Structures are given as C-alpha cells and as structure tokens.
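Okay, so here's the structure we're looking at.
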Amino acid sequence: MMKKENVVIKSVEQIALDTVEMVVKNPYISQKAIPGQFLHVSVEGHTLRRPISIADINRENKTITILFKMVGSGTAKLAALNPGMSFDVLGPSGNGFQTEGNESSTILLIGGGIGVPPLYYLGKELAKQNKEIISVLGYQTRANVFSEEMFRRLGKTFIVTNDGSYGEKGFVTDVIQKAGYFDYYYSCGPLPMLKAVTAKLADKPGMISLEERMGCGVGACMACVIPTDSEGGYKKICSDGPVFHTQEVSL
Amino acid sequence: MMKKENVVIKSVEQIALDTVEMVVKNPYISQKAIPGQFLHVSVEGHTLRRPISIADINRENKTITILFKMVGSGTAKLAALNPGMSFDVLGPSGNGFQTEGNESSTILLIGGGIGVPPLYYLGKELAKQNKEIISVLGYQTRANVFSEEMFRRLGKTFIVTNDGSYGEKGFVTDVIQKAGYFDYYYSCGPLPMLKAVTAKLADKPGMISLEERMGCGVGACMACVIPTDSEGGYKKICSDGPVFHTQEVSL
Amino acid sequence: MNNLAISLPGLELKNPIMPASGCFAFGREYSEFYDLSKLGAIIMKAATGTERFGNPTPRVAETASGMLNAIGLQNPGVEKIIEKEVPFLAQYDTSIIANVAGSTLEEYEKVAAAFNQTDQVQALELNISCPNVKEGGIQFGTDPFMAAKVTETVKKASKLPVYVKLSPNVTNITDMAKAVESAGADGLSMINTLTGMQIHLPSRKPLIANKTGGLSGPAIKPVAIRMIYEVKQHVSIPIIGMGGVSNAEDVLEFLLAGASAVAVGTANFNNPFVCPEIIDSLPETLNRYGFDSVKDAIGKGIM
Amino acid sequence: MNNLAISLPGLELKNPIMPASGCFAFGREYSEFYDLSKLGAIIMKAATGTERFGNPTPRVAETASGMLNAIGLQNPGVEKIIEKEVPFLAQYDTSIIANVAGSTLEEYEKVAAAFNQTDQVQALELNISCPNVKEGGIQFGTDPFMAAKVTETVKKASKLPVYVKLSPNVTNITDMAKAVESAGADGLSMINTLTGMQIHLPSRKPLIANKTGGLSGPAIKPVAIRMIYEVKQHVSIPIIGMGGVSNAEDVLEFLLAGASAVAVGTANFNNPFVCPEIIDSLPETLNRYGFDSVKDAIGKGIM
Ligand SMILES: Cc1cc2nc3c(=O)[nH]c(=O)nc-3n(C[C@H](O)[C@H](O)[C@H](O)COP(=O)(O)OP(=O)(O)OC[C@H]3O[C@@H](n4cnc5c(N)ncnc54)[C@H](O)[C@@H]3O)c2cc1C
Ligand SMILES: Cc1cc2nc3c(=O)[nH]c(=O)nc-3n(C[C@H](O)[C@H](O)[C@H](O)COP(=O)(O)OP(=O)(O)OC[C@H]3O[C@@H](n4cnc5c(N)ncnc54)[C@H](O)[C@@H]3O)c2cc1C
Ligand SMILES: Cc1cc2nc3c(=O)[nH]c(=O)nc-3n(C[C@H](O)[C@H](O)[C@H](O)COP(=O)(O)O)c2cc1C
Ligand SMILES: Cc1cc2nc3c(=O)[nH]c(=O)nc-3n(C[C@H](O)[C@H](O)[C@H](O)COP(=O)(O)O)c2cc1C
Ligand code: FES
Ligand code: FES
C-alpha cells in the first residue's frame with residue numbers, strides 16, 4: 001500500500017548528461033516496492049509532486065535508487081539536494097510490472113532514455129526467476145547513455161543512439177530483430193517509442209509503462225487518464241498503471 | 001551607493017526568544033554602511049525582499065551583523081540558513097543616522113524590541129566621537145531581552161520590560177526621566193513607541209527610524225510613504241529614510 | 001460543545017473542513033490514507049446526467065503557486081454515483097455534498113432530481129462555474145439571469161438545500177451572488193477556478209490539451225478572499241469558501257472574510273493528509289488569534 | 001538587423017522589454033543600477049491631472065508568488081511630470097510611454113492633452129483599469145461603453161498613439177478589447193492587476209489599508225496569457241503583454257500568446273536588474289526554441 005513517507009538521501013551522482021542517480025533510504029518503501037512502481041516526490045516550492053520511477057531496490061540496506069533527467073525546475077531542485085537531506089514521497093505508487101505467472105523463458109526489455117531505469121529493477125527480478133534477458137536500450141546520443149554495464153550483467157544488451165554516436169544507429173525498433181528469439185517483452189520510454197514498439201510487436205505479449213502529467217498521483221483527480229476498450233472507457237495511469245498490458249490501453 | 005550584493009553567512013545564532021543574530025560577510029557593504037541603514041534581503045520563494053537593519057559592522061573582517069525576529073515565513077526561512085550559504089541583498093539601503101555635525105555631548109538611545117539593533121552600531125560610532133551615551137531599551141518580557149551587555153559597555157543602560165519580568169516595569173517612556181540629562185536622542189522601535197517618545201520629548205532634537213511594508217525598497221514603487229509637511233507632501237521610508245529628523249515627518 | 005461545529009442549511013458539520021469538488025473524487029483513494037469520518041463533509045466530484053469521459057490529456061499543468069486543470073467533468077454519471085459512490089461514502093460519519101453539473105437546464109434538473117432517490121446526500125453544490133465545459137456551462141456561471149434560472153430549476157427539482165458555486169471570472173461577483181440568492185439558493189460556494197493558460201515553449205502549444213484550464217491553489221487565494229468579503233456584505237446566505245487553502249491560518253482568513261465553512265482542493269495533491277491536519281490544528285489556531293470557536297470567527301474581519 | 005527590434009504604432013523599439021507602469025517610477029532609482037538606454041521603452045508611473053498623495057499605508061502585501069498593491073496613483077501631477085521627469089528620461093536612448101489616469105473623462109482628457117506639450121513622449125498608455133481609484137476609474141475599465149468613450153476622448157485630445165490598458169477583472173475581456181479598438185485605440189496593454197485581498201490575522205484587518213489591492217506577479221501569469229491569447233484572436237491592433245514576467249522564457253510565452261512587446265512589473269522589486277538581464281538572454285532563448293527574432297515569435301503559439 002502506498003504511504004506518505006520521508007526518504008533520506010544517501011547519495012546523489014550525475015551519471016550522464018543531465019541525468020542524476022539518487023539513492024534514498026526508507027524502510028517501508030524498500031520492502032514493499034515492485035519493479036515499475038514510482039515515487040510521487042514532493043519538491044519544495046512546487047504545487048504538484050513529481051512522479052519518478054523506482055530504478056532499483058536494496059532490501060538489505062533499505063535503499064531505493066531513482067534515476068532522473070533534469071528537464072525543468074522540479075528535477076533541477078531535486079538534483080541540487082545533498083546526502084543527509086530528506087524529502088517526502090508518496091510510494092510505492094501505482095501498479096508495477098507483473099512477473100509472477102509469466103511462463104515465458106526469454107524476455108526482451110526495451111527502454112528508451114529516461115524510460116530505461118525501471119527496467120533495471122525489473123530485469124534483476126526476472127533474472128532471479130531464471131529468465132533469459134535481452135535488453136535493447138535507446139538513447140539520443142553518446143552523452144546520454146547510462147546503466148549499460150548493469151544491463152550487460154543481466155544478459156545480451158544492445159545500445160542504440162539516434163545519431164549513431166554510440167552503439168547502433170537509429171531507434172530501438174531498428175534493433176529489435178537483431179535481438180533474436182524472445183516470448184515476452186517489457187517496455188518503457190517516450191510515447192512515440194512505445195507506439196512504434198507496440199505496433200512492431202503487435203503479435204507478442206508484453207507490458208508497457210506509460211507517462212502522463214499528474215495532479216494527485218493517487219487516482220482522485222482524473223488528470224492522468226488513458227482511453228481503454230474496457231467497461232469504464234478509461235484507466236488512470238497513476239493508480240491503474242503506470243504499467244499496462246499492451247492490449248489494455250489504446251495509445 | 002546601494003548595490004545588489006551577495007553576502008556569505010559566517011554565523012547564525014539564536015540570542016533571545018525568536019530572535020536571531022546573523023553575521024554575514026561582504027566587502028562592499030561592510031565598507032560603506034553607516035548606522036541606521038538596512039539590507040533589503042532576498043529570501044528564496046518570496047516575491048518581496050525583507051528589510052533588515054544593520055546592527056553592526058566589522059570593517060576589518062568585512063562583516064555585517066543583523067539581528068532579526070522570526071515573525072513570519074521570510075524571517076523563519078532566513079533563520080534556517082547555515083554558515084557558508086549565501087543570499088542576495090540590496091545594500092547599504094536608505095539614509096542612516098546622521099552623527100556628523102551633531103554638537104551634542106550626551107546622547108540618549110531609545111530602543112524598543114527589534115528596534116534595538118541599529119542603535120548598537122550607532123552607539124559604537126557615537127562612542128568613537130566621545131559622546132556620552134545613555135541607553136533605554138524596552139522589551140516585552142525577560143525572554144526577549146538581548147544585547148544588554150553590549151549597550152552597558154557603551155554607557156549607562158536601563159532595561160524595561162512591559163511585564164516587569166526583567167529590569168524596570170513599563171514602557172521606555174516611563175524610564176526616560178530617570179536617564180538624566182541628554183541633549184539629543186535617537187530612537188528606533190514600533191510606531192506606538194515612537195509616537196509616545198516623540199510626544200514626550202517634543203522639545204528635544206532627535207532622529208527616529210521608521211518601518212513600513214516595502215515593495216521595491218529603492219524608492220520606485222511608492223509603497224512606503226509617510227506624510228510630511230515639506231513641499232512634496234510625503235517622504236519615502238526606503239530611500240529618504242528610514243531615519244528622519246523628528247520634525248521632518250508626521251507620525 | 002465542539003468548538004469546531006457549525007450548522008448550515010442541511011448540514012450539521014462537526015468541523016468546517018471539507019475536500020473541494022473534483023480534488024477528492026468520491027473519497028475512495030483518500031480513505032486509504034485516513035478515516036474519512038474526520039471530515040466535516042465531503043464534496044463529491046461533479047455529477048452529470050450521463051457518463052462523461054472529459055477532455056483530452058494533458059489535463060493539468062503546474063503554475064507559480066498554483067495549477068491549471070481541464071479535467072472536463074469526467075464522471076460515471078449521476079445514476080452510477082448514486083448506486084456505487086454515495087453508499088461507499090455513507091459508511092463514514094460525515095456529510096455528503098453532491099456537485100451537480102450539466103450542459104443544459106434539463107441536464108441540471110435531471111441530475112438534481114436524481115439525488116432525491118437517496119437519503120444519503122445532505123446538500124447539493126450547484127456547479128454553474130466549471131470553465132471546462134464548452135456547451136454552455138460557462139454561460140450559466142457568468143450571467144446573473146442564467147444563474148438565477150438554473151438555481152430556480154434545481155431548487156424546484158430537489159428536496160435538498162442548494163449551494164451555488166460561483167465563478168470568479170466575472171466583472172461583478174456580487175451581482176451573481178444576489179441573483180442566485182433571490183432565486184432561492186440556500187448558500188454559496190466560492191470560488192471556482194480562474195481561467196488561465198500556459199504555453200509549452202518547445203511545442204509552442206498550450207500545455208493543457210483543452211487550451212485553457214482553471215487556475216487553483218495559493219495563487220488565487222487573494223482573489224477568493226476579496227470576493228467572499230465583497231459578497232458577504234450583500235447576501236445573508238452562508239458561504240462555503242475555497243481557493244488556495246492549505247493550512248489552518250488560511251482557514252481562519254476565510255472565516256474572517258465571511259465564509260462559514262471551508263473547502264480544500266489543490267492542497268490535497270501535495271499533502272493527502274492536509275484536511276485532517278487542518279482539522280487537528282484548527283482549535284489551537286482559533287485560540288491563538290483570540291477566538292473560542294469557528295462560529296465566533298465567521299465574518300469577524302474588521303474592515 | 002537587430003533581431004530583438006519591433007515596430008509598433010509610435011514606437012520603434014530596439015527590444016521588446018520595458019518596465020511596467022508604477023513599478024519603475026520615472027526611472028531615476030533604477031538608473032543607479034544600470035543604463036536605462038538598454039531598455040526598449042519605459043512606461044512611466046500613472047499621471048493624473050493634479051498631484052495625488054494616494055492611499056494610506058500599508059500599500060503592499062506579499063501573497064503566494066505575487067503581491068497586492070494599492071498605491072492609489074500617487075504622482076506629482078502631469079505638469080510636473082512633463083517638466084521634471086520626462087526630460088530626465090529623455091536623456092536616455094529609449095522610448096517613453098506615459099501612463100494616463102484620471103477619475104473623470106475630463107481629467108483623462110486634460111492629462112492626455114498635456115502630453116502634447118512635449119516631443120519626448122512617444123505613446124500614451126491609457127490606464128482605465130487601476131482598481132485602486134475609487135471615484136470611477138474602475139467603471140471605465142469594466143464597461144465596454146465607458147472604455148470606448150474614454151478611448152475616443154483621449155484619442156481626440158492627443159497627437160500620440162494610444163495603448164489602452166485593460167483590466168482582467170471582467171467577464172469578457174474580448175468585448176473590452178473590441179470596444180476600445182473600435183474607438184480608435186492604436187494598441188492594447190494587458191493585463192493590469194486582479195483585485196484581491198489579504199487579511200492580517202492578528203489585527204483581523206485587511207493587510208492593505210485600502211482593503212483591496214491589485215494582485216500582480218507570477219501568480220497571475222496564466223490569466224494574462226489566457227487573456228492575451230483570447231484577445232489576439234479578435235483584434236488586429238498590437239498588444240503589450242504583462243503579468244508575472246520574470247525571465248526570458250516568460251517573455252517568449254507572452255510573444256507566442258500574441259503580445260508584440262512585454263512589460264515587467266513586480267519582478268523589478270526582487271531583481272532590479274531583471275529587465276537588462278532579460279534583454280541579454282532573449283536572443284539565446286529565442287534561438288533555443290527555434291525563432292530568429294522577436295517578430296518571428298509573435299502570435300506563434302499553436303492552438
Ligand atoms: C509514472 C512516471 C514515471 C516517471 N519516471 C521517471 C524517471 O524515472 N526518471 C525521470 O527522469 N523522469 C520520470 N518521469 C518523468 C518526470 O515525472 C518528469 O520529467 C518530471 O515530472 C519533470 O519535472 P520538472 O519539474 O523537472 O519539469 P517541469 O516541466 O518544470 O514540470 C512541470 C510539471 O509538468 C510535469 N511533467 C513534466 N514532464 C513530465 C513527464 N514527462 N511526465 C509527467 N509529468 C511531467 C511535472 O511533474 C510538473 O507537474 C516519470 C513520469 C511518470 C508519469
Ligand atoms: C527599515 C526597516 C528595518 C527593519 N529592521 C529590522 C531588524 O533589524 N530586525 C527585524 O527583526 N526586523 C526588522 N524590520 C522588520 C522586518 O522587515 C519584518 O519583520 C520582516 O520583513 C518580516 O518578514 P516575514 O516574512 O518574517 O513576515 P511576514 O509577515 O510573513 O511578511 C510578509 C510581508 O510583510 C512585510 N512585513 C512584515 N512585517 C513587517 C514590518 N514590521 N516592517 C516592514 N515590512 C514588514 C514583509 O517584508 C513581507 O513583505 C525592519 C523593517 C524596516 C522597514
Ligand atoms: C483537478 C481539479 C478538478 C476540479 N473539479 C471540479 C468539479 O468537478 N466541480 C467543481 O465544482 N469544481 C471543481 N474544481 C474546483 C475546486 O473544487 C475548487 O473550487 C478550486 O480548485 C479552488 O480551490 P483550491 O485552490 O483549494 O483548489 C476542480 C479543481 C481541480 C484542481
Ligand atoms: C506597485 C505597483 C504599482 C502599479 N502602478 C500602476 C500604475 O500606476 N499604472 C498602471 O497602469 N499600472 C500599475 N501597476 C500595474 C503594473 O503596471 C502591471 O500591469 C501589473 O503589475 C502586472 O504586471 P507584473 O505582474 O509584472 O507586476 C502597478 C503595479 C504594481 C505592483
Ligand atoms: S494523477 Fe490524479 S488521477 Fe492520476
Ligand atoms: S518600498 Fe518602494 S518606494 Fe519605498
């Protein structure tokens with residue numbers, strides 16, 4: 001269950017262009033979070049909280065890792081905090097990637113940019129279940145690349161940059177065929193990428209993680225809806241998602 | 001001349017109930033400021049700057065001391081800053097206490113509450129000019145008393161508290177007659193006190209320092225005017241004051 | 001007696017604090033954070049005649065000390081609300097206020113009448129001011145004649161007291177208030193959001209898909225306080241105040257301006273516990289500023 | 001060519017940035033911080049027929065991301081402004097815009113006519129929207145008929161182009177804009193402040209002695225952007241935009257919404273250098289978002 005919790009910063013490090021890795025400590029969230037869930041982060045001086053995915057968990061140390069890109073005033077302010085300081089989050093929020101009951105043997109992870117982080121925690125959990133893991137990670141350019149080594153430790157990993165300055169050149173969809181056989185996929189990244197991925201892999205089962213601007217982050221304000229074909233006609237990304245089965249939502 | 005300057009915090013200390021003494025370093029302001037001038041302090045997250053009087057200057061160390069009471073969100077935020085941090089001020093602002101050309105031999109300083117601080121820097125300057133200094137300092141209650149020792153070092157000092165919990169009981173005006181002979185006075189404190197003081201000492205020459213809510217702090221917005229009998233019909237506390245000759249303004 | 005209690009038409013509130021419409025859905029989400037019985041009342045999300053999906057996304061954007069929203073009255077329709085949501089809220093020891101919306105007089109009438117089916121709703125908040133409905137909602141909220149008309153219609157259709165929710169996007173808020181008071185309103189609810197817009201520089205498009213949205217949060221509090229104060233001088237029905245409330249001091253400011261109860265909207269998003277926290281600190285805050293009770297403070301601003 | 005330059009009726013601006021009326025007096029104070037020749041133009045503090053002392057103090061209060069003011073048009077009167085202030089400003093290489101205020105049609109006429117005496121003023125900003133003048137100023141600003149009337153009167157009296165400054169405290173800003181355009185306005189200036197109030201809890205009194213004041217600063221920016229965008233769709237005269245501008249991104253947002261130049265008010269108080277800093281960073285900001293020049297960006301919001 002999501003709670004309002006205080007987290008204490010353990011470390012803050014810039015790991016790529018405008019991209020920050022932050023490790024925070026919180027006993028409750030570190031025990032409860034599953035891959036794909038997010039923290040809804042309160043940033044001083046800001047009316048709305050910022051949703052940031054959980055990129056890793058260390059249950060023993062009670063820490064949570066988040067990776068975020070500085071894109072505006074909220075993420076910039078967050079990045080300027082120092083170890084020892086603390087902030088307030090709602091978490092773990094949302095519904096994450098379901099891995100139980102997934103009988104697939106080989107899993108493809110497809111991440112784009114700041115959509116890569118949640119796939120790492122997912123990959124680690126899948127590895128524990130003895131799945132074979134293949135990763136295709138796309139970035140804009142060399143300077144944006146991060147987490148490569150961590151994914152390589154999970155399995156075969158392809159890096160793609162839009163400008164070819166590192167790894168393959170192009171989009172993640174250009175590289176998927178090189179990945180070889182897989183029977184299930186998980187993907188997180190910008191909407192155009194998810195559209196291309198789900199179109200290309202229309203015949204494969206998979207789950208995707210979506211983004212939308214949020215008000216409450218708890219399901220109460222109806223800011224973050226996405227149309228579905230199911231009864232209600234819509235789902236809320238903050239509380240029904242952010243992770244959905246590909247057939248569940250219409251992108 | 002007033003400038004926009006960055007000051008670096010050297011120390012922050014609570015010296016009485018809700019009252020903070022802060023020492024900041026800035027070469028320009030520490031060389032230029034005279035008693036009675038103020039800093040117009042920018043506080044993060046706030047639209048308007050906060051005017052705070054200069055309570056002391058150490059030209060050698062290039063430091064400025066300010067004393068302020070935590071009364072609202074701005075002063076609370078200021079008090080929460082730590083040594084090493086810096087903030088932005090306009091200063092030295094306004095016209096301070098004129099001491100040159102003052103032929104008086106014995107000076108009475110009359111301060112009330114958070115109006116006491118600027119009188120200390122003034123007293124030090126007057127002491128350098130070999131004036132005899134008598135101080136009457138009023139506070140609400142014992143817990144509010146500060147700077148007593150520093151004033152005692154300048155000369156005879158009377159402390160008054162409204163509830164009599166420390167020093168004499170009553171208002172500063174109840175104690176003035178005990179102060180003995182003086183030929184000029186300087187006063188700073190809440191408006192009701194200044195009204196009482198100027199009424200009681202109507203036949204003595206003196207200068208008073210006034211407060212008003214400020215917009216710009218530089219004389220441009222007309223927020224801080226006070227009626228006068230002079231040609232323009234008004235004076236601006238931020239730029240013509242905050243210190244005025246008692247005959248200059250109508251309280 | 002409880003010094004937070006306040007009696008309003010149809011509402012015996014144990015305290016004056018309630019979540020504002022649209023910021024609390026039908027309570028389910030926040031019921032996981034705390035016991036909703038703490039609340040003086042709950043104002044439900046707007047109900048329309050039939051289900052609505054609302055506007056395209058993005059529906060919210062942050063602004064300086066505020067936010068814009070253009071949800072567009074997304075709701076499951078009045079029948080489903082009565083069937084599924086009202087019984088859920090009725091489990092709690094708190095008053096339920098239904099927010100009634102529509103695009104036509106007929107729709108307003110239908111929604112208001114539908115709530116006669118249940119005994120679990122204590123009052124209606126008549127939303128004539130939602131800036132995000134294009135078909136005509138906005139006209140009801142900015143024209144005194146239309147506002148009076150919809151108020152009369154709803155009063156006739158409903159057995160419940162009606163609080164008319166006024167839009168701040170008008171030249172003369174007092175005229176609006178007087179018009180709906182004459183038309184039979186039992187109370188006022190004010191203010192709804194100010195219409196605003198924000199342009200996303202990289203895309204050059206409005207951040208809100210609907211182009212304009214409603215501005216809420218601390219940014220608008222001075223406008224709310226001014227309008228409540230102004231209206232209070234000219235009407236004798238009670239006012240539920242709202243607009244940027246985020247702590248007990250804000251609540252007292254609204255009471256002094258003339259509000260008899262206070263709704264909290266946007267602040268729930270940053271702090272899900274804001275309502276119970278305000279309720280817990282209100283007695284001490286009243287005390288600190290010399291008041292014995294909420295009733296004691298209403299309209300006590302000295303002008 | 002300078003990519004910041006912009007031509008407006010009567011004004012050949014080297015850049016689109018100018019301090020807003022009332023936030024810069026007559027420039028003397030800020031001239032001690034920087035060379036006023038940097039500015040595209042300067043809008044002077046309101047001028048009335050004779051000297052005014054204005055409202056009692058306190059005249060300002062801080063609000064969330066904004067402030068309230070009720071200065072009350074304190075100024076030395078139009079004659080002294082022409083005699084002492086205009087020549088001071090004329091030393092600088094910048095355009096001078098005179099803000100014309102009054103309580104009656106006759107006073108507006110007199111002030112506008114007085115500025116014909118000097119060749120050093122390039123345009124008038126007709127302030128029909130100051131909420132702090134009680135005698136009737138507010139009526140001019142909220143009634144299209146009265147607004148048109150005062151515009152006509154001033155147009156007849158003056159040889160200068162007239163920019164009418166609109167109040168946001170209206171139900172329909174487009175009606176106001178259309179009315180003054182038909183009456184001959186050469187341009188619009190928008191927005192003035194939203195009327196607001198803040199109550200000081202310890203004293204239970206309004207913080208502003210005048211009770212209500214005008215809300216300015218970042219808090220009102222979404223309202224300004226919305227109104228400028230709305231009006232731009234319906235008028236063909238240029239708009240000087242303002243309301244909460246504090247950096248070059250804000251300026252670009254106003255340009256995209258439809259403003260041709262941008263005034264900066266409240267932000268001067270926190271940062272006396274805000275105008276030159278904006279001017280210095282504007283070329284890079286335009287560039288970053290794909291524009292070659294200020295002209296290129298005007299009205300380029302995609303709706
Ligand atoms: C479920 C979810 C998980 C996310 N996980 C991550 C992550 O792990 N790392 C990361 O870098 N980013 C993540 N994002 C995006 C991140 O929330 C935004 O980049 C961030 O909110 C921007 O805040 P800002 O103040 O820096 O930007 P500003 O543009 O100044 O923010 C203004 C407002 O827009 C909202 N906003 C801006 N961009 C986005 C966006 N892409 N999605 C949702 N709201 C947005 C902000 O929350 C804020 O309310 C996630 C978004 C969602 C919805
Ligand atoms: C020339 C001058 C010198 C001053 N020197 C000192 C000093 O040395 N030490 C000290 O403790 N205080 C001093 N004050 C008062 C001090 O400025 C206020 O206490 C402070 O601004 C309160 O800010 P806040 O955010 O804590 O309070 P809030 O009440 O939250 O402030 C809200 C707004 O009101 C203004 N305000 C509130 N109280 C006052 C006040 N008394 N005078 C002017 N503006 C006010 C604030 O500046 C701000 O704009 C001085 C005031 C003036 C005018
Ligand atoms: C996301 C959101 C949705 C809202 N939906 C409604 C609604 O359905 N009906 C209504 O009358 N007001 C609605 N409002 C307006 C609020 O009830 C309230 O009047 C306004 O937000 C001002 O209060 P605040 O500043 O505390 O949020 C909504 C506001 C927000 C922020
Ligand atoms: C202290 C102050 C005084 C003002 N005086 C005037 C005035 O004399 N004439 C006028 O037309 N507008 C006046 N205004 C309004 C501003 O020119 C401007 O329209 C408004 O403040 C919005 O811009 P901002 O948010 O950048 O301040 C004043 C505003 C402030 C804050
Ligand atoms: S953000 Fe409020 S419902 Fe999802
Ligand atoms: S504060 Fe602006 S003139 Fe004094």
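Letters A, B, ... are given to chains in the order of the sequence lines, protein chains preceding strands, and every chain is numbered from 1. Fair warning: this is a prediction, and the values are worked out from it, not measured in the lab.
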Checking [X] against chain B: side chain, backbone, both or neither under 4.5 Å from a heavy atom?
X	result
D:Ala61	backbone
D:Phe33	side chain
D:Ser246	neither

message: Could you measure the distance from the CG atom of D:Asn192 to the CG atom of D:Asn169? Nearest 0.5 Å is fine.
response: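 One gets 8.5 Å once the value is rounded to the nearest 0.5 Å.
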
Proximal component of [X], with respect to chain D [non-hydrogen, under 4.5 Å]:
X	value
B:Met214	backbone
B:His40	neither
B:Met1	side chain

statement: Scored by heavy-atom pairs under 4.5 Å with chain B, the best of D:Pro76, D:Gly66, D:Gly217, D:Ser65 is D:Gly66

query: Of the listed residues (D:Asn75, D:Asn271, D:Asn268), which shares the most heavy-atom pairs with chain B below a 4.5 Å separation?
result: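 Of the options given, most contacts go to D:Asn271.
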
field: Axial cation check for B:Tyr28 ring with B:Arg59, 6.0 Å and 45° limits
entry: no

- request: Quick one: sort the D:Phe273 and D:Tyr34 rings into parallel, tilted or perpendicular, breaks at 30° and 60°.
  value: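 Rings of D:Phe273 and D:Tyr34: tilted, as their planes differ by 30° to 60°.
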
task: Applying ring pair (Phe, Tyr, Trp, His ring centres under 6.0 Å) between B:Tyr139 and each of B:Tyr166, B:Phe171, B:Phe146, report the one that passes.
output: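 Running ring pair (Phe, Tyr, Trp, His ring centres under 6.0 Å) over B:Tyr166, B:Phe171, B:Phe146 with B:Tyr139 returns exactly one hit, B:Phe146.
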
field: D:Glu107 with D:Arg52: basic N within carboxylate O range, under 4.0 Å
entry: yes

message: Does this structure show an ion pair linking D:Glu253 with D:Lys221, if we count only N-O contacts that are shorter than 4.0 Å?
response: yes

